[in-house]
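Worksheet for the structure shown next.
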Amino acid sequence: MRPKLKSISAIFILAFLYFFYKKTGSIERDDVAVRNKLDDDVEVERLRRIEERKRAGEFEELSSFVEDKEVYRCEAKHFGCFTKAKSLKYPRSSLVTKNLNELASSQKCIEFCSQRKQPYAGLWMTQCYCAIDPHHVILTIPTCLNCESAKCTESCTGSANETCGGPESVDFFYIPNPCVKGPIEKEDVEKSSLGCFHSPDEDPDEFEVFRQIPSQHFCFVLCERKKHVLAMWRNDGSCICGRFTYSFNLQNRVSKEGCEDDDFEHVTIYKTWAEDTRCSTMRFVKKLTGKTVLTSVPSSGNTWLRYLIEKSSGVFTGSIYRDTPVFQKGYLGEMSPDTFLVKNHMYDQNLKKYSSIMFIVRNPYETMISEFKRQSTQNHVGVVTNEQIKTDFVPYDKGTLKFLSNVLTASGMPMYVVYYDELKENPIEEVRRLLEFPPLREMRPDDLDDRLLCVSEQLTGYFKRKSQPLDFDPFSDELKTEVNQNIEEARDILTKYGFKLPDYERPMQ
């Protein structure tokens with residue numbers, strides 16, 4: 001029995017030793033895991049402190065930038081690459097120029113031109129050209145139907161990732177507002193508000209997010225400095241920089257006013273001066289036949305609609321009026337009647353030059369007030385005082401809506417009617433629909449969705465008069481009787497051809 005007992009004892013001893021070493025090994029591994037976790041926690045804390053110091057330094061730098069009186073802010077649109085004007089070989093005395101040498105870049109050229117109150121800037125090699133009239137720098141009237149696009153291939157000496165024209169081409173910029181020297185004022189931030197929106201998903205591929213930002217003022221400066229189009233401020237101190245996307249856009253707006261101070265779920269969005277390049281690039285297209293006339297009673301939003309169409313399609317529209325102030329405000333097709341879409345109020349009733357019609361319809365009572373303001377100020381966005389309207393009001397174009405309704409429908413041409421109130425309510429969808437109008441489908445770009453997102457960030461355009469509510473009725477009962485009759489007759493005409501006309505009539509006093 002003793003040998004057997006020895007064998008059993010040995011087995012127990014071996015089992016004890018096995019479990020002992022397994023347990024102690026497990027403890028040692030646990031100790032290693034704990035030590036590793038502690039090391040990881042220390043490393044995370046170290047990195048966090050480094051990030052905090054970095055962020056503190058960034059914010060300190062940002063604070064100095066907010067108050068920097070020497071910094072230049074510029075808003076500019078890169079219209080693209082265009083064939084340079086022949087006159088550039090022999091520059092006009094009125095053309096402002098500067099050789100930027102090794103500093104040639106879009107920013108330097110734009111700053112130089114803005115300081116000299118010139119709204120257009122052109123870069124050709126190291127030469128910067130500034131002009132009030134664009135045709136001094138580029139060819140603004142297309143000379144052929146299928147011209148090869150201008151090519152800008154020369155890298156800028158002061159910014160390697162930009163081009164500064166080519167042998168026969170110019171990189172061309174429009175400066176809608178003069179550059180501003182000095183800190184961004186809080187009032188300017190408030191004026192740039194697009195309203196209160198649902199907070200976006202903070203996708204790092206779409207947005208850059210910052211926490212613990214002191215104010216929306218800081219948020220705006222931070223986003224603009226990082227060249228983001230939109231600054232989104234949430235009252236918990238979060239700042240989100242980015243631009244509109246397919247999943248986050250005007251459809252997410254809950255109010256046109258800024259968010260309330262106690263709202264910590266939504267974001268107030270501000271439009272910075274950074275450029276959204278998705279809808280900047282423009283081109284000329286020559287059209288000799290098959291043109292569409294863009295017509296309306298004057299002051300019906302014709303010029304604003306042209307802006308929306310141009311930015312959405314990337315194609316300049318034309319006009320028979322050759323309006324210099326309009327030409328100098330970014331409408332480079334203004335001097336050419338040979339484009340897809342041509343502005344013409346049709347007082348001469350000559351529709352032979354066109355094959356289709358786009359007709360803007362607006363309340364005649366509103367157009368009479370707007371036209372009075374334009375005529376009184378000789379300015380597309382001019383305003384007058386209510387007192388001037390009370391004493392000096394002249395009702396322009398009382399019967400033009402009826403006149404145009406009759407002339408246009410009688411032509412038998414394909415016609416698309418744009419209702420101003422619907423355009424104002426939802427400009428993006430209205431522009432999307434009108435570019436489906438068969439005569440304009442050639443204008444519809446492949447990147448339309450991207451361009452519309454870009455346009456939705458800057459709907460006002462270069463010419464849109466600010467609303468000016470009246471606290472009185474400037475129309476007499478006698479005038480209302482006449483205008484209401486014209487509206488009713490215009491409705492009868494349009495209804496006969498399948499179009500509607502809203503109830504624009506006004507009640508008597």
Side-chain angles (χ1 to χ4, degrees), residues 293-306 321 343-351 357-411 413 415-425 427 430 463-509:
V293 62
L294 177 61
T295 190
S296 68
V297 177
S299 293
S300 292
N302 199 305
T303 307
W304 179 44
L305 180 58
R306 285 177 64 193
Y321 297 106
K343 176 180 177 178
N344 185 340
H345 289 301
M346 297 310 305
Y347 287 119
D348 61 0
Q349 306 182 43
N350 184 8
L351 282 165
I357 300 163
M358 183 162 290
F359 182 26
I360 308 174
V361 172
R362 186 183 182 187
N363 188 326
Y365 289 101
E366 294 178 2
T367 62
M368 284 189 283
I369 293 290
S370 294
E371 183 62 9
F372 172 72
K373 293 176 182 177
R374 190 186 72 84
Q375 295 277 5
S376 299
T377 61
Q378 292 299 300
N379 189 317
H380 283 271
V381 294
V383 296
V384 297
T385 65
N386 285 358
E387 190 60 35
Q388 285 176 279
I389 297 176
K390 283 181 179 180
T391 58
D392 303 330
F393 176 63
V394 176
Y396 294 97
D397 295 291
K398 295 180 292 183
T400 306
L401 177 62
K402 182 181 76 171
F403 163 76
L404 285 176
S405 297
N406 189 43
V407 170
L408 300 179
T409 54
S411 71
M413 293 180 183
M415 184 166 79
Y416 186 99
V417 178
V418 178
Y419 297 95
Y420 179 82
D421 291 333
E422 294 179 5
L423 177 67
K424 187 177 177 181
E425 181 65 26
E430 182 58 38
F463 279 109
K464 191 171 185 297
R465 185 182 289 110
K466 293 181 180 179
S467 61
Q468 185 182 3
L470 297 178
D471 55 3
F472 63 96
D473 186 351
F475 304 101
S476 67
D477 281 353
E478 181 182 358
L479 179 58
K480 286 180 186 176
T481 300
E482 182 181 356
V483 174
N484 286 352
Q485 181 65 31
N486 287 332
I487 293 172
E488 185 178 346
E489 292 179 16
R491 182 180 295 111
D492 291 341
I493 295 168
L494 290 172
T495 302
K496 181 180 177 182
Y497 288 89
F499 300 102
K500 65 180 181 179
L501 190 66
D503 296 329
Y504 292 141
E505 289 90 343
R506 286 201 176 189
M508 302 300 163
Q509 293 180 355

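Fair warning: this is a prediction, and the values are worked out from it, not measured in the lab.
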- Query: Which pairs count as ring pair (Phe, Tyr, Trp, His ring centres under 6.0 Å) when at least one residue sits in residues 486-509, sequence neighbours excluded?
  - Reply: none
- Task: Kindly write out the residues that satisfy side chain to side chain donor-acceptor pair (under 3.5 Å) with Thr385, not counting sequence neighbours, or none if the list is empty.
- Result: Gln388
- Return the set of residues passing side-chain contact (heavy atoms from CB on, under 4.5 Å) with Asp477 (not counting sequence neighbours), or none when no residue passes. Lys480, Met508, Gln509
- Note on the structure: Residues Pro364 and Thr367: closest non-hydrogen pair is O-OG1, 2.9 Å
- State, yes or no, whether a side-chain contact exists between Leu401 and Val361 at a heavy-atom distance under 4.5 Å. yes
- Query: Residues in side chain to side chain donor-acceptor pair (under 3.5 Å) with Thr400, at least two apart?
  - Reply: Asp397
- Heavy-atom distance under 4.5 Å between the side chains of Leu404 and His345, does that happen here? no
- Message: Testing the basics here: between Tyr321 and Met346, what is the closest heavy-atom pair and its distance to 0.1 Å?
- Response: OH-N, 4.4 Å
- Message: Quick check: closest heavy atoms across Ser370 and Arg362, and the distance to 0.1 Å?
- Response: OG-NH1, 3.4 Å
- Task: First locate atom CG of Asp473, then atom NZ of Lys390, and finally report the distance between them rounded to the nearest 0.5 Å.
- Result: 11.5 Å
- Between Met368 and Phe475, which heavy-atom pair has the shortest distance, and what is it? CE-CE2, 3.7 Å
- Note on the structure: In this structure, CG of Leu479 is separated from CG of Asn484 (nearest 0.5 Å) by 9.0 Å
- Query: Between atom CG of Asp421 and atom CD of Glu430, what is the distance when rounded to the nearest 0.5 Å?
  - Reply: 11.5 Å
- Query: To the nearest 0.5 Å, what is the distance between CG (Asn363) and CD1 (Ile487)?
  - Reply: 6.0 Å
- Task: Report the residues that fulfil salt bridge (charged side-chain N to carboxylate O under 4.0 Å, His left out) with Asp503, sequence neighbours left out, ordered by chain and then residue number.
- Result: Arg491
- Message: I'd like to check the salt bridge (charged side-chain N to carboxylate O under 4.0 Å, His left out) partners of Glu488; sequence neighbours left out, ordered by chain and number.
- Response: none
- Query: With sequence neighbours excluded, what pairs up with Ser411 under the side chain to side chain donor-acceptor pair (under 3.5 Å) test?
  - Reply: none
- Message: For Leu294 versus Arg306, what's the shortest heavy-atom pair and its separation?
- Response: CD2-CG, 3.5 Å
- Side chains of Leu501 and Thr495: does their closest heavy-atom pair fall under 4.5 Å? no
- Message: Minimum heavy-atom separation for Ile369 and Leu470, please, with both atom names.
- Response: CD1-CD1, 4.1 Å
- Message: Please enumerate all residues that pass salt bridge (charged side-chain N to carboxylate O under 4.0 Å, His left out) together with Lys496, with sequence neighbours excluded.
- Response: none
- Message: Does the Lys NZ or Arg CZ of Arg506 fall within the cation-pi geometry relative to Tyr365 - under 6.0 Å from the ring centre and within 45° of the axis?
- Response: yes
- Is Asn344 close to Thr295 at the side-chain level, that is, under 4.5 Å between some pair of heavy atoms? no
- Message: Listing request: all salt bridge (Lys or Arg N to Asp or Glu O under 4.0 Å) pairs with a residue in residues 369-378, at least two apart in sequence or in separate chains.
- Response: Glu371-Arg374
- Query: Between Phe403 and Tyr347, how do the two ring planes meet: parallel, tilted or perpendicular, split at 30° and 60°?
  - Reply: parallel
- Message: Could you work out, with salt bridge (charged side-chain N to carboxylate O under 4.0 Å, His left out) as the rule, every residue matching Asp392, not counting sequence neighbours?
- Response: none
- Listed by chain and number, what are the ring-ring contact (aromatic ring centres under 6.0 Å, His included) partners of Tyr396, not counting sequence neighbours? none
- Query: So, Lys500 and Glu422, do they make that salt bridge, N to O below 4.0 Å?
  - Reply: yes
- Query: Looking at residues at least two apart in the chain, or sitting in another chain, which of them share a side chain to side chain donor-acceptor pair (under 3.5 Å) with Thr303?
  - Reply: Lys343
- Query: Which distance, rounded to the nearest 0.5 Å, do you find between the OG of Ser300 and the CD1 of Ile360?
  - Reply: 6.5 Å
- Item | Gap separating the CG atom of Asp492 from the OG atom of Ser405, nearest 0.5 angstrom | 10.5 Å
